[in-house]
Amino acid sequence: MIIARSLPASKSKLKPLLSLSFLAQSPLTLSKTHNSYCNFYPQNPTKTNFLYFFSSKPTNPNPPKHQTFPSLHLTRDGNYDDATPPATVCPGCGVQMQYTNPKHPGFYKEPSVKDPDYKSDAHLVPISLESEFPGSLKRGFFVEPDSQNPDLDLAENESVLEKRPPVVCARCHSLRHYGKVKDPTVENLLPEFDFYHTVGRRLVSSSGARTVVLLVVDAVDFDGSFPKKVAKLVSDSIEENFTAWKEGKSGNVARIVLVVTKIDLLPSSLSPLGFEQWVRRRAREGGASVIKKVHLVSSVRNWGLKNLAEDVIELAGARGHVWAVGAQNAGKSTLLNAMAKCVGGNERKVSYLTEAPVPGTTLGIVRVEGVLPGQAKLFDTPGLLNPQQITTRLNREEQRLVHISKELKPRTYRIKEGHSVHIGGLMRLDIVELSVDSLYVTVWASPYLPLHMGKTENVSTMVEDHFGHQLQPPIGDKRVKDLGKWVRQEFHVSGNRWDSSSVDVAAAGLGWFGIGLKGEAILGVWTYEGVGVVLRDALIPYRAQSFEVTGFTVSKIVSKADQALNKSLSQSEKKRKQSNQEVAASAELLVSAIHEDANSC
């Protein structure tokens, strides 16, 4: 055994890190060999850039023309075209990468690459045997003889570099590690995503590669997230191209695969067969007249992903193009990442997308590598903005309250005519007229949203006194004014059963009221101007076993806060009583001691 001490690298005998054959490679070849997504080091074939490759200094301020990033020409086209180098596009969100201006979209910092031998003991020089050192002078650490095989060193270095994660933009880095965007105003510099120009015209093209369209829809916000315009556009093109194909002309008939995500958020008691039938009806009413397949999946629980991946691979063929299309926050990126893991392709080639519960995470078209076999290609697209979704006008903190992240639980009221139910400060249901004594209203929404049931004649005081406070979102009086004015819609409904809901009144991006009655009713629905409200067949016919009472039903977050506060107060009271008991006991001992002294005297 040897005792060694650390010496400066200049005085140590460094073992060879890489073989000469590795150093002989050009920097460009080195970049390709190690699958570096963003290698922007100075390219000079006459010099060896080995030291620069492992340097932590900033990248070359004057990169060659073929690797220059457009810092002023902002686009969302992503890397659909094979002519676009993959290294110039963020593999997480599809935005064009640039390193010159941190105030522009796509800014990134190339991470410093550690020397693979930074933990090596090659710079340690043995100076004496252990027996020659007294115990008081023993310092340093014990080392074992190291292998000096350069081939093994080269293999280790290549393995380290191949496992290196791809470089992403600063925005993706912040979303992946902190769950938020540091400066959301930067995204405002990007142009609006022109779906038809970038994606739509390719979906309806009568020539080119076979097209498969994945219409991704959120199960708990089906009508708010269903892309009606895209569904109608592709369905019309299918009919036209199919007619042309039967006439012997060129006709690329697209295939629509409807993928309903987040089914783990629906009650487990819901029938899959009944839900699929409901989905097909709503999709046809939304404009998707020709659907090849319907898949109900959960990217979190891995439900239905294997069958979906097999169908997509079969439909795409050897050279097909698969496009994932859907509304913002419908779960497209999470779905494609889950499919990549399910397929089990080459992990070094799979590029994982950025996932975050933030609307508009994907900014440009992203070609997802390593999922489909052969020359087939899979593309993720930016989420389509639906201005009728109420979440588009909420801030990040308010969106977190509305966001549904766990299985939905029903909250049911038995209500008579002349009463109203509020969902936070976002939606209100009035029971205007009833042909029967009462009806059942079941609220399906985030458990973090507070509810209130009371007389309709008192709703004006609710807006003035409780909106922005007990009824959130909106959060604060200012936000109540920012969201605009409330407008009213009227619905005539009927049902034939008390014990289950017959119809739903759904608000895009929020949730829905399930209405159960045996008779007829006139309902008044209030929400902010521009928010989409639809009347539809009941998605979940069930109701809660116990009913809510008149007044406020606090949200889950408020309930937890109250429980924590009550627990804290209880512990404080317990400590106070214990302290009082100790003081009383001490006083009794003192009095007893005084009496004993007095008796002894």
Side-chain angles (χ1 to χ4, degrees), residues 179 218-225 261-270 275 298-301 329-331 334 356-359 389-391 394-415 420-429 440-454 462 466-475 479 501 504-516 527 531 538-567:
D218 186 346
V220 294
D221 186 25
F222 189 91
D223 293 279
S225 62
T261 63
K262 306 180 186 179
I263 62 170
D264 56 294
L265 301 180
L266 297 175
S268 56
S269 55
L270 184 64
F275 179 50
S298 169
S299 304
V300 176
R301 304 286 183 88
N329 218 29
T334 306
V358 177
Q389 284 183 307
I390 201 167
T391 48
L394 303 180
N395 59 36
R396 295 283 191 255
E397 188 176 358
E398 293 166 345
Q399 287 173 353
R400 281 194 287 268
L401 295 177
V402 174
H403 179 67
I404 300 173
S405 57
K406 294 184 178 180
E407 181 179 322
L408 285 171
K409 302 294 183 183
R411 290 181 280 180
T412 302
Y413 294 92
R414 183 176 181 179
I415 307 179
S420 302
V421 179
H422 285 86
I423 300 180
L426 300 177
M427 188 180 184
R428 187 180 89 221
L429 176 70
Y440 296 93
V441 175
T442 302
V443 178
W444 298 95
S446 167
Y448 297 109
L449 293 174
L451 307 179
H452 181 272
M453 192 268 280
M462 294 296 299
H466 301 294
F467 270 37
H469 303 284
Q470 284 91 340
L471 292 175
Q472 295 182 356
I475 301 175
R479 288 291 297 151
S501 297
D504 291 339
V505 179
L510 177 61
W512 66 93
F513 292 106
I515 310 298
T527 187
V531 175
L539 167 58
I540 306 173
Y542 318 118
R543 69 186 188 197
Q545 296 297 321
S546 58
F547 299 147
E548 306 292 338
V549 297
T550 303
F552 288 97
T553 300
V554 295
S555 66
K556 188 175 181 180
I557 191 170
V558 174
S559 177
K560 286 184 177 180
D562 289 344
Q563 291 176 5
L565 179 61
N566 293 335
K567 184 178 180 180

[X] side chain vs [Y] backbone, donor-acceptor pair below 3.5 Å:
X	Y	result
T442	S501	no
Q472	G468	yes
T527	L426	yes
Q399	T391	yes

Looking only at the aromatic ring of each residue, does the gap between the centers of H403 and Y448 stay below 6.0 angstrom? no
R543 charged N/C atom sitting above Y440 aromatic ring, 6.0 Å / 45°: yes
Would you name the heavy atoms of [X] and [Y] that are closest together and state the gap between them?
X	Y	result
L539	D504	N-OD2, 2.7 Å
T550	G454	CG2-CA, 4.5 Å
N329	D218	O-OD2, 4.2 Å
W444	P410	CH2-CB, 3.5 Å
Q389	D221	NE2-OD2, 2.8 Å
A508	V531	O-CG1, 4.3 Å

Any side-chain donor near an acceptor of the partner, D264 and S298, under 3.5 Å: yes
Tell me, do [X] and [Y] make a side-chain contact under 4.5 Å, heavy atoms counted?
X	Y	result
T553	V443	no
Q470	P450	no
P447	K409	no
M453	E548	no
L471	H452	yes

For S299 and T334, what are the C-alpha separation, side-chain angles and deciding distance, and is it a side chain to side chain contact (heavy atoms under 4.5 Å, CB included)? CA-CA 6 Å; S299 304; T334 306; 3.7 Å; yes
Within a reach of under 6.0 Å around CD of E397, are more than 12 heavy atoms found that belong to other residues, nucleotides or ligands? no
Hey, are R396 and E398 close enough for a salt bridge, meaning a charged N less than 4.0 Å from a carboxylate O? no
Please round to the nearest 0.5 Å and tell me the distance separating atom CG of L408 and atom OG of S446. 8.5 Å
Straight-line distance of I415 CD1 to F513 CZ, nearest 0.5 Å: 8.0 Å
Start with the C-alpha gap between R411 and L451, add the side-chain angles, then the distance that decides, and say whether side chain to side chain contact (heavy atoms under 4.5 Å, CB included) holds. CA-CA 9 Å; R411 290 181 280 180; L451 307 179; 3.6 Å; yes
Can you list the steps and then say if K262 with I404 is a side chain to side chain contact (heavy atoms under 4.5 Å, CB included)? CA-CA 10 Å; K262 306 180 186 179; I404 300 173; over 6 Å; no
Of D223, I540, V505, I423, which is the lone residue that meets side-chain contact (heavy atoms from CB on, under 4.5 Å) with W512? I540
